[in-house]
Amino acid sequence: MGITILYILIILLFTISFKKDRKKTKEALKKSWKSLDHILPEFLFVVVIVGIAIAFLDPDTISTLIGKQSGWIGVTLCNLVGSITLIPGMIAFPTAAMMINNGAGYMQIGAFISSLMMVGVVTMPMEIKYFGKKLTVIRNVFAFIFTFFVAYIISIVMVGI
Amino acid sequence: MKVLKKYYLFLISIILISILFTFNTNIGLKAIMISGNTLGQLILILPAIFLVLGLLDVWVPRETMIKFMGEGSGIKGIALAFLLGSATAGPLYGAFPVAAVLMKKGVKFSNILIFIGAWSTTKIPMILFEIESLGLKFGITRLLIDIPGIIIMSFLICKYFLSKNEILLIEQKYKNES
């Protein structure tokens, strides 16, 4: 649904662009293809690696490891899992809700969601291609540390320390 | 040979999944299905990102972007970086090519980092979905910590962890491209 609207908008934009300037529109298409082509190899690699990772980590295994009692060890574990895997939000949020219903703690889930979003270990080859090694490592380390803080605050708000 | 060199990482992952499949058919099959599924979803959204990028690249003049998000754009630049990152769809790695075009257009580097942070954590459609799944309290709390967190991290990285030269070196790669 959303995607149909998006493409209708894109077609509209390209039509306007084409009416205004044919040459520029051609150039835009060329540039679109060039940047897609640039990242396609790394993209395919990431998709397959993530597929393998998720195949191993089913929700049952995860929720036994990260209950409320697991404390900071559970948080660290969640952070690691969230950093390494790359689960789309559409799957991650309902899974997180399900894990909480199955006894996972808010602090652990907060860590999982945050690291999932901010830290990307498998996407590092792509990030390095754009930003170089140093910045990629710094950004991910920063984000990793930050997720512990997020988890702590979320647990205070949700369950009162 | 050229294609082989370009796609060697993908080749490695295919070999990995084949090995997995021979040793454990069940998990191997699951991995293939999940990869195929993800690919199916992303193959729809990815071209959209790149098409919009192409248009942006051709039609938005560098001067405009510098004015709104370049050096000295202050809070306005930060707000725009957040808005741009939050209004989009797609996974984190979709943000990198967009960031490349923004760098080319002269956007300030700390705003590039804020944009990536926003893309990863404050996307509006995702937040709505998060609130639906985990509750309003959870979603709002995370948002309230993440927004200042992203800004602080971006400035710390730009000020203390990367030298001016290192930032220039990254930006140069895109500025020289026609």
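Convention: sequence-line order gives letters A, B, ...; per-chain numbering from 1.
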Close side-chain approach of Val52(B) and Leu9(A), heavy atoms under 4.5 Å
no
Using the six-membered ring wherever Trp is involved, compare the ring planes of Phe131(A) and Phe96(B) and label them parallel, tilted or perpendicular (cut-offs 30° and 60°).
perpendicular
Over 12 foreign heavy atoms within 6.0 Å of NZ, Lys76(B):
yes
Under a 4.0 Å N-O cut-off, is there an ion pair linking Lys6(B) with Asp37(A)?
yes
Inspect the surroundings of CD1 in Ile73(A) and state if more than 12 heavy atoms from other residues, nucleotides or ligands are less than 6.0 Å away.
no
Tell me, side chain or backbone of Leu29(A) under 4.5 Å from chain B's heavy atoms, or both, or neither?
side chain
With ILVMFWY side chains joined below 4.5 Å, transitively, what does Ile15(B)'s cluster contain besides itself?
Ile19(B), Phe23(B)
For Ile34(B) versus Ala55(A), what's the shortest heavy-atom pair and its separation?
CD1-N, 3.8 Å
Per-residue tally against chain A (heavy atom, under 4.5 Å) across Met33(B), Met153(B), Glu166(B) peaks at Met153(B)
Atom pair CZ/CG of Phe93(A) and Leu134(B) - distance to nearest 0.5 Å:
7.0 Å
Counting heavy-atom pairs under 4.5 Å with chain B, which one of Thr25(A), Ile100(A), Ile113(A) comes out on top?
Ile113(A)
Check whether any side-chain N or O of Tyr8(B) sits under 3.5 Å from a backbone N or O of Pro41(A) as a donor-acceptor pair, and report yes or no.
no
In Å and rounded to the nearest 0.5 Å, what is the CZ to CG distance from Phe50(B) to Leu36(A)?
5.0 Å
I'd like to know if the side chain of Tyr7(A) and the backbone of Leu44(B) have a donor-acceptor N/O pair within less than 3.5 Å.
yes
Contact leader toward chain B among Met126(A), Met118(A), Lys129(A), Glu127(A), where contacts are heavy-atom pairs under 4.5 Å:
Glu127(A)
How many angstroms lie between CD1 in Ile153(A) and OG1 in Thr141(B), if you round to the nearest 0.5 Å?
9.5 Å
For Phe148(A), check ring pair (Phe, Tyr, Trp, His ring centres under 6.0 Å) against everything at least two apart and list the hits.
Phe144(A)
So what's closer than 4.5 Å to chain B heavy atoms on Phe146(A): side chain, backbone, both or neither?
side chain
To the nearest 0.5 Å, tell me how far Phe161(B) CZ sits from Ile138(A) CD1.
6.5 Å
Please examine the side chains of Leu53(B) and Lys31(A), heavy atoms only from C-beta on, and report whether any two atoms are closer than 4.5 Å.
no
Counting heavy-atom pairs under 4.5 Å with chain B, the top scorer among Tyr106(A), Phe149(A), Phe45(A) is Phe45(A)
Can you confirm whether more than 12 heavy atoms, excluding those of Lys67(B), are under 6.0 Å from its NZ atom?
no
On a heavy-atom basis, which atom in Trp59(B) and which in Ser17(A) lie closest, and how many Å separate them?
NE1-OG, 2.8 Å
